[in-house]
Amino acid sequence: MDQNPDSHSTRRVVLPSGRSIEVLLFEETTEPTARSLHVCPDCESDLVQPVEWSEAPEQRWQLALRCPNCDWITDEVFEQAQVDQLEDRLDEGLSEMLRDLRRLTQANMAEEIDRFAAALQTNLVLPEDF
Ligand SMILES: [Zn+2]
């Protein structure tokens, strides 16, 4: 990440002992003007997905982004930090999806087991079914 000289500020902190120290505060997040890539600037949907990636010079990325909600499309060069943020966001989305899928699979299996158990009890499952 670029260490922009303006990206930190100092704050004087007085310790209980009476000594004062100067603390350097670095901005850990990207500048407020840098928008989150997963948010659509048109409809504010947070489902924007990258459709194409390629490396650009100076550790940047050329990304084609698309909003599935309003079909907004862009093809721009973004900073590494912005892309990292988008990747984190996509990872979150993916793990949420996997969690849902697992829950769904479990729910389906539970239902099948219930049906199977009910069928067994009512003698609907016969040896010739296997
Ligand atoms: Zn949109």
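Every number for a ligand or one of its atoms is a count from 1 in the order of the listing. Sequential numbering from 1 along the given sequence is applied to the chain's residues. Worth saying up front: this structure is predicted, and the values here are computed from it rather than measured.
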- Could you tell me whether the side chain of Ser45 and the main chain of Leu47 form a donor-acceptor pair under 3.5 Å? yes
- Test side-chain contact (heavy atoms from CB on, under 4.5 Å) on Arg66 and Asp71 and set out the steps. CA-CA 6 Å; Arg66 181 177 168 268; Asp71 264 343; 2.5 Å; yes
- Query: Are side-chain N/O atoms of Trp61 and Glu55 paired as donor and acceptor at under 3.5 Å?
  - Reply: no
- Message: My understanding is that only one of Leu90, Asp84, Asp88 makes a side-chain contact (heavy atoms from CB on, under 4.5 Å) with Leu86; could you say which?
- Response: Leu90
- Enumerate the protein N/O/S atoms at a distance below 2.8 Å from the Zn ion (ligand 1), ignoring waters. Cys40 SG, Cys43 SG, Cys67 SG, Cys70 SG
- Locate the shortest heavy-atom distance separating Leu63 from Leu37; write the atom from each residue and the value. CD1-CD1, 4.0 Å
- Message: Let me confirm one number: the CD-CD distance from Glu111 to Gln106, rounded to the nearest 0.5 Å.
- Response: 13.5 Å
